[in-house]
Amino acid sequence: MGSEMVFSVWPLFVTNVLKANMSVLGLIDGVGDAVVSISQAASGYISDRVQKRKIFVWLGYLFGSMARIGYALAPSWQVLIPFRILDRSGKMRGSPRDAIISDVSTDQNRGRNFGFLRAMDNLGATVGTILSILLIQMLAYRSLFALAAIPSTFAVILIVFMTKEQKTERKIYRGVRLSDFGGDLKVFTVSSGLLALASFSYSFLLVYASREGFSTPMVPALYLAFNLVAALVSLPFGRLADRIGRKPVLYLAFVFWGLVNVALIVQGGKTGILLAFVLYGLHKGSLEPVQKAFVAELAPREFVASSLGGYQMVIGLLSLPASLFAGLLWDEVALTAPFYFSLALTALALLVLSFVRERR
């Protein structure tokens with residue numbers, strides 16, 4: 001909820017208030033995504049080594065709360081960068097949290113459990129976006145960002161004082177190595193990496209909507225539609241993956257992202273943008289729970305957190321050039337150039353995915 005109070009209007013704040021161009025916006029978002037990847041890889045590895053999960057979760061929420069105060073005080077886009085790094089470092093909670101869920105799941109309910117996690121995450125995002133729509137008409141951006149620190153502070157309290165960590169008997173005496181990962185996990189990581197290169201930041205969709213005539217209150221409303229769709233479909237897609245397998249649902253997720261680009265290229269205008277945000281919600285709702293469940297199943301049992309962290313590191317590091325290159329294409333070639341490039345890479349990612357063998 002706290003994150004989306006900020007990110008539903010983030011690109012408008014960066015471009016309209018701090019006067020950054022799209023290349024700078026792509027750089028800031030890309031750096032943030034890269035930091036997410038590194039922090040998740042590091043926390044996953046350390047979590048497996050020390051057999052502790054909970055501390056990474058509450059520290060992650062605390063970093064997010066501190067960063068939002070920084071956003072509220074930043075006088076220029078250059079000052080946003082260290083706070084963006086701090087905020088995205090808070091995503092170190094992801095791999096240990098996902099490992100907790102995987103540890104208490106079976107092949108029969110892992111997709112459902114990750115789907116429930118994503119549904120709750122997207123529900124919080126929906127509430128945060130609604131608050132943003134309501135408050136942005138009464139408050140300045142900076143006041144909104146300061147208020148967004150409050151939900152994350154409550155999350156810290158909930159984790160520290162109201163969550164008990166399960167003890168594990170598993171011990172690890174050495175670090176994870178590349179040779180520990182099977183060929184299918186490596187091929188799936190390549191496929192996901194190609195999709196990450198194709199997946200520019202959501203900020204481009206919001207700025208594109210603003211350029212096509214959507215008002216400032218309506219832009220977060222589009223973001224709300226995306227989060228609402230993702231919240232509604234995450235759990236059903238997770239359950240579907242439990243029944244029919246991970247790969248068929250992943251195929252759908254890749255196709256949904258391709259259709260986002262097709263809608264913006266072929267349809268364009270307000271109709272195309274509305275359709276693109278609905279498809280974007282379907283993409284995220286089908287991809288994220290199944291993606292993590294699939295990695296957890298392909299990974300060695302004793303290195304689940306490390307595998308999830310390493311996988312997220314690859315995805316995040318590739319997100320930096322993805323958003324940066326999309327910004328350059330936007331500024332130097334044409335508004336629709338990033339969509340053509342993304343569509344081509346998505347088709348290649350879908351082809352590579354077909355070579356992954358699913359184990360149940």
Side-chain angles (χ1 to χ4, degrees), residues 1-7 32-33 35-73 82-105 110 113-132 143-172 227 231 234 288-289 292 296 303-309 312-313 316:
M1 183 169 70
S3 294
E4 304 314 324
M5 287 175 68
V6 173
F7 295 142
D33 290 336
V35 170
V36 169
S37 67
I38 296 170
S39 65
Q40 290 201 0
S43 66
Y45 173 76
I46 297 171
S47 176
D48 279 340
R49 290 286 293 180
V50 303
Q51 295 297 291
K52 298 291 184 183
R53 314 287 199 206
K54 177 176 160 179
I55 185 173
F56 298 98
V57 182
W58 67 261
L59 271 177
Y61 285 120
L62 180 62
F63 285 179
S65 181
M66 294 165 60
R68 278 149 217 162
I69 299 297
Y71 294 154
L73 299 175
F83 289 111
R84 181 70 165 177
I85 291 172
L86 178 65
D87 191 0
R88 298 294 84 187
S89 295
K91 284 291 187 177
M92 66 181 177
R93 65 184 179 267
S95 297
R97 178 205 60 199
D98 294 342
I100 292 172
I101 294 173
S102 181
D103 287 343
V104 299
S105 302
R110 187 171 286 108
N113 290 346
F114 276 107
F116 179 70
L117 169 69
R118 295 310 307 166
M120 294 303 294
D121 191 28
N122 288 321
L123 179 61
T126 300
V127 174
T129 307
I130 291 173
L131 288 174
S132 179
S143 299
L144 178 66
F145 293 170
L147 286 176
I150 297 174
S152 295
T153 304
F154 277 111
V156 174
I157 295 170
L158 286 171
I159 298 299
V160 172
F161 297 106
M162 301 184 67
T163 304
K164 292 183 178 180
E165 185 170 4
Q166 277 195 339
K167 299 292 183 181
T168 177
E169 298 178 357
R170 193 166 63 251
K171 294 183 179 180
I172 296 178
N227 276 313
S234 291
E288 292 181 341
K292 291 179 179 180
F303 296 122
V304 171
S306 297
S307 299
L308 286 163
Q312 290 296 333
M313 181 180 71

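Please read all numbers here as calculations on a predicted model, not as lab measurements.
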From CZ (Arg88) to OG (Ser39), nearest 0.5 Å: 9.0 Å
Grab the two heavy atoms, one from Ala146 and one from Ala72, that are nearest each other, plus how far apart they are. N-CB, 4.0 Å
Side-chain donor/acceptor of Thr129 to backbone N/O of Ala125, under 3.5 Å: yes
Nearest heavy-atom contact between Ala149 and Ser65 is O-OG, 3.0 Å
Could you state the interatomic distance from CE (Met1) to CD1 (Ile130), rounded to the nearest 0.5 Å? 11.0 Å
Flag yes if more than 12 heavy atoms outside Ile55 fall under 6.0 Å of its CD1 atom; otherwise flag no. no
Within a strict 4.5 Å, meaning less than it, do heavy atoms of the Ile159 and Arg93 side chains meet? no
So which atom in Lys54 and which in Val160 form the shortest heavy-atom distance, rounded to 0.1 Å? NZ-O, 3.2 Å
Apply side chain to side chain contact (heavy atoms under 4.5 Å, CB included) to the pair Tyr61 and Leu158, showing each step before the final yes or no. CA-CA 10 Å; Tyr61 285 120; Leu158 286 171; over 6 Å; no
Quick check for you: to the nearest 0.5 Å, what is the distance between Leu86 atom CG and Ile69 atom CD1? 11.5 Å
How close do Ile85 and Val35 get, heavy atom to heavy atom, and via which atoms? O-CG1, 3.5 Å
Reported OG-to-CG distance for the pair Ser89 and Leu59, which is rounded to 0.5 angstrom: 11.5 Å
List the atom of Met5, the atom of Ala148, and the distance in Å for their closest heavy-atom pair. CB-CB, 3.8 Å
Taken to the nearest 0.5 Å, the spacing of Leu62 CG from Ile157 CD1 works out to 10.5 Å
So, do Phe83 and Asp87 sit near enough that their side-chain heavy atoms are less than 4.5 Å apart? no
For a quick test of reading the model, state the closest non-hydrogen atom pair linking Arg68 to Phe145 and the distance between them. CB-O, 3.5 Å
